[in-house]
Amino acid sequence: MEKIFYITTPIYYVNDVPHIGSAYTTLAADILSRYVKMKGREVFFATGTDENAPKVAEAAKARGEDPASFCERMAEEFKKAWSGLGISFDAFIRTTEKHHAEVVKYLVQELKEKGWIYEGYYNGWYCIYDETYFREEEVERGLCPNPECQRPLQQVSERGYYFKLSAFEEPLLSFLRESNSVLPDFRQREVLNFVLGGLRDIYITRKKKDWGIPFPGDEKLQVYVWVDALINYLTVAGFLQDEELFTSLWPPDVQFMGKDILVRFHATLWPAMLLALGLPLPNLLFGHGFLTVKGEKMSKSKGNVIHPLSAVEEIIRFSGCERAFAKDALRFYLFRSTPFGADGDFSYEALRACYNADLANNLGNLENRLTTMTDRYLNGEVPPPPENGYSQRAEELLANYQQAMDNLAFHSAIGDALSLLDMANKHLDKTAPWRLFKEGNIQAIRRSLGTAIELLRISAILLQPFLPSASSEILSRLGFSPPLLLKDAKWGAFTRQVEGVKIKKMAPIFPRMEEVIKISAQEKEISMDDFARVDLRVGKIISCKVVEGTEKLYQMEVDLGELGKRRTVAAIAPYYTPGELIGKSVIFVANLAPAKIRGLISEGMILAVDAPNNVIIVTPEKEAPPGSKVR
RNA sequence: GGCGGUGUAGCUCAGUGGUAGAGCACGCGGCUCAUAACCGCGGGGUCAAGGGUUCGAUACCCUUCGCCGCCA
């Protein structure tokens, strides 16, 4: 039996909601998965969530939530996000699954028995916040070396266990020197340099907490989360549970990850663990780059984090395309605009440019003009592709595409597929079926459209991994039944159509995006127009009383002059008495959509300063008549 | 500090020992099947700077400067 092609993504830390970075990795895996399936091979694509870190429990407790149900909820968030992006995985592992803990304990025990784990003392520094240990030489003035942390460290000396990573330098080097063990090649060099610099044994236990996997044979300790996390790739493949599955999967064919966890973990600790266990090593580790936003690192503090699902919403909003195609557009943009492996930049401007140029003008418009002409000139009947000079060029591009895909050069594979569309557009211009129609030359029209449609058909097949829904739609509109395989992408290889199908003009799949200004408004800055939409007015509070059954809420009536009186509810009772408020002039948001608060209608909002432990009402510096505009 | 990479048209990037290319953007023209689309043409670059090798370098070597990454 042929080995099942096994693809993994890292498991994602549940403390964070799915962001564009994790989406990027998972999309890459989905793209490869679809490509391999297109080659007719069986694929197993696994992803999941990393839930055993102590911080996860802390985060849950901070929200007053039980860690288990917190993880449950977050794991669902991830699944929802992936399906919202059109990703279809074959397995989803959560490291809090019971079976995973069994696998981890079993393997740790095995490593101990084989002598790769030994007991020892850990002397050094520990950062409570980062949950990270540091060696003496890494630390200055007792502060955390992580530039974003820099908190005081604890000096620790504790008993625990080490994994003999240092024993694997030689075998690791021979693995890492293989030509395609690590990609991109520049990262392979980084990894090699790292290992050549010498490996230290790694401390693989932590003090036991009420969250995490206990260390076998020592109740006071638990397994370091990275050891636990890496083992997920074995668990999800059926290790110790489904031997048949496991033998048909192992080792992974491609393991995807961000560059940050390639060198130390996936290209070093992970293969060393496998070597120690006597298990085959992964065929390929791929460390892709990061996405920045307008050249800046994404971070919560900068407020520029892109959430993949909201990016899909934006695409829908600005183009009006269907949701399934918006999902396609996002993944297409991500892999079209940045060579896979390198760092990339995300911006809605670039997304729009890419969407319009490639998807609307090129692909979508070509499909549209071809279906229209087939409908009008040929009564909806798709002509077969004639043999001509295009077949050879199409074959060359197909070969380039395959080579690119096999090397995970998604960027250039997309380029090859798009070249076919260019050829089709040029061909139409040269042969001008609309002129042939006026001349009544139906045979020539059949040849012309037959050629262009075949180019589009092949291109749509090649684009299936990148545009799963749109490709499928295009092929269906042309009368084929997707999904088609790579072998169908040969010139004239697949002319079979759904019986008696009539091609008709349909609504554009990718309507153009026109609204540049609105898009920029989605980013950090808002335009003057956006600000002007807020109707700020001077208002005079004319009544104020506590909302029944609450301690903090006041219900007030505000006089807005020409706009009349408005009711509003505000949580300012701890800071002002009704007497202080009645008669006061305030700044009021007059065109806020009405909301119901505690069953009471609130028809606007009073502006107030959110000061530490205080709330301060904003008032005009001098008296102004109620209803005056504020700008 | 060590190692690796990179600096080419407004933007994103290809590229080769023989005096530069693509896509996007921009301008003009054509066409009308099409989503102001598509097709054609065009402007625009001392290929970071300096030196060397060579008949000849953007490409090879050295130095400097800028940026990035990995490690320490």
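Worth saying up front: this structure is predicted, and the values here are computed from it rather than measured. Just so we're on the same page: letters track the sequence lines, and every chain starts at 1.
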Checklist entry - Can you tell me how far P in B/C3 sits from the matching atom in B/A59, rounded to whole Å? => result 22 Å

Name the pairs: protein N/O against N/O of nucleotides 1-4 of chain B, kept only if under 3.5 Å.
residue	atom	partner	partner atom	Å
B/C3	O2'	A/Asn193	ND2	3.0
B/G4	O3'	A/Arg189	NH1	3.4

Checklist entry - Quick one: on RNA chain B, does A/Leu363 or A/Arg435 contact a more 5' nucleotide (nearest heavy atom)? => result A/Arg435

Checklist entry - If we ignore angles and hydrogens, is there a donor and acceptor under 3.5 Å between the side chains of A/Tyr12 and A/Thr26? => result yes

Checklist entry - Considering only side-chain heavy atoms of A/Phe194, which listed nucleotide, B/C31, B/C71, B/G23, is closest? => result B/C71

Item to check | Separation of the P atoms in B/C33 and B/C26, to the nearest angstrom | outcome: 26 Å

Checklist entry - For A/Gly197, which contact category applies under a 4.0 Å heavy-atom criterion: base, sugar-phosphate, or nothing? => result nothing

Next on the checklist: I'd like the P distance from B/C11 over to B/G18, given in whole Å.
Outcome noted: 27 Å

Item to check | Between B/U32 (P) and A/Glu439 (CD): distance, integer Å | outcome: 12 Å

Checklist entry - In the structure shown, which nucleotide is the Watson-Crick or G-U wobble counterpart of B/G66, with both distances under 3.5 Å? => result B/U6

Next on the checklist: Can you identify which nucleotide, out of B/U35, B/C24, B/G30, has its nearest atom closest to the A/Arg512 side chain?
Outcome noted: B/U35

Checklist entry - Near A/Lys504 NZ, under 6.0 Å, is it more than 12 heavy atoms from other residues, nucleotides or ligands? => result no

Item to check | Pairing partner of B/U12 (Watson-Crick or G-U wobble, both distances under 3.5 Å) | outcome: B/A22

Checklist entry - Just checking A/Phe510: base, sugar-phosphate only, or nothing, at a heavy-atom cut-off of under 4.0 Å? => result base

Checklist entry - Are any non-hydrogen side-chain atoms of A/Met506 and A/Thr371 less than 4.5 angstrom apart? => result no

Checklist entry - OP1 or OP2 of B/U35 less than 4.0 angstrom from a side-chain nitrogen or oxygen of A/Asn356, does that happen here? => result no

Checklist entry - In whole angstrom, what separates A/Asn365's CG from B/U32's P? => result 16 Å

Item to check | Nearest-nucleotide 5' precedence on RNA chain B, A/Ala353 against A/Pro511 | outcome: A/Ala353

Checklist entry - Hey, are A/His19 and A/Tyr24 close enough side-chain-wise for a donor-acceptor pair under 3.5 Å? => result no

Checklist entry - Could you give the CG-to-P distance, from A/Leu428 to B/C31, as a whole number of Å? => result 17 Å

Checklist entry - Does a side-chain N or O from A/Arg369 land closer than 4.0 Å to OP1 or OP2 of B/U32, or not? => result no

Checklist entry - Within 45° of the ring axis of A/Phe480 and under 6.0 Å from its six-membered ring centre, is that where the NZ or CZ of A/Arg457 lies? => result yes

Checklist entry - Are more than 12 heavy atoms from other residues, nucleotides or ligands located less than 6.0 Å from atom CD of A/Gln155? => result yes

Checklist entry - Across all strands, who's sitting opposite B/G56 as a Watson-Crick or G-U wobble pair, both distances under 3.5 Å? => result none

Checklist outcome for this item: The Watson-Crick or G-U wobble partner of B/A72, with both key distances under 3.5 Å, is none

Checklist entry - Tell me: CG of A/Asp358 to P of B/U35, nearest whole Å? => result 19 Å

Next on the checklist: Less than 4.0 angstrom from a charged side-chain N to a carboxylate O is my criterion; do A/Arg331 and A/Asp30 meet it?
Outcome noted: yes

Checklist entry - What's the CG-P distance between A/Asn425 and B/U32, to the nearest Å? => result 16 Å

Checklist entry - When you check the side-chain N and O atoms of A/Asp343 and A/Thr292, is any donor under 3.5 Å from an acceptor? => result no

Next on the checklist: Just to be sure I understand the rule, does A/Arg187 reach a base, reach only the sugar-phosphate, or reach nothing, if contact means heavy atoms closer than 4.0 Å?
Outcome noted: nothing

Next on the checklist: Which nucleotide, if any, forms a Watson-Crick or G-U wobble pair with B/G45, using both distances under 3.5 Å?
Outcome noted: none

Item to check | Closest to side chain of A/Met373, choosing from B/U35, B/C33, B/G23 | outcome: B/C33

Next on the checklist: Please report the distance, rounded to the nearest Å, between CG in A/Asp343 and P in B/C70.
Outcome noted: 9 Å

Checklist entry - What does B/U32 pair with, Watson-Crick or G-U, if both distances are under 3.5 Å? => result none

Checklist outcome for this item: Considering only heavy side-chain atoms of A/Asp429, the closest of B/C33, B/C39, B/U35 is B/C39

Item to check | Side-chain N or O of A/Lys505 closer than 4.0 Å to phosphate OP1/OP2 of B/U35 | outcome: yes

Checklist entry - CG of A/Leu456 versus C1' of B/C38: gap in Å, rounded? => result 14 Å

Checklist entry - From B/C39, B/C71, B/G69, pick the nucleotide closest to the side chain of A/Arg264? => result B/C71

Item to check | Integer angstrom distance from the P of B/G40 to that of B/G23 | outcome: 9 Å

Checklist entry - If we take the C1' atom in both B/G45 and B/G15, what is their distance in whole Å? => result 15 Å

Checklist entry - Any idea which of B/C71, B/C38, B/U35 is nearest the A/Asn361 side chain? => result B/C38

Checklist entry - A/Lys438 has a side chain; which of B/U35, B/C39, B/U32 sits nearest to it? => result B/U32

Item to check | Separation of atom CG in A/Asp416 from atom C1' in B/A22, rounded to whole Å | outcome: 13 Å

Item to check | Whole-angstrom distance between B/A48 and B/A57, as gauged at atom P | outcome: 15 Å

Next on the checklist: Measuring only the C1' atom in each nucleotide, how far is B/C24 from B/A9? A whole number of Å is fine.
Outcome noted: 12 Å

Checklist entry - Does the separation of the ring centres of A/Phe318 and A/Tyr348 fall below 6.0 angstrom? => result no

Item to check | Side chain A/Trp125, main chain A/Gln154, donor-acceptor under 3.5 Å | outcome: no

Item to check | Spacing of the C1' atoms in B/G10 and B/A25 (rounded, Å) | outcome: 8 Å

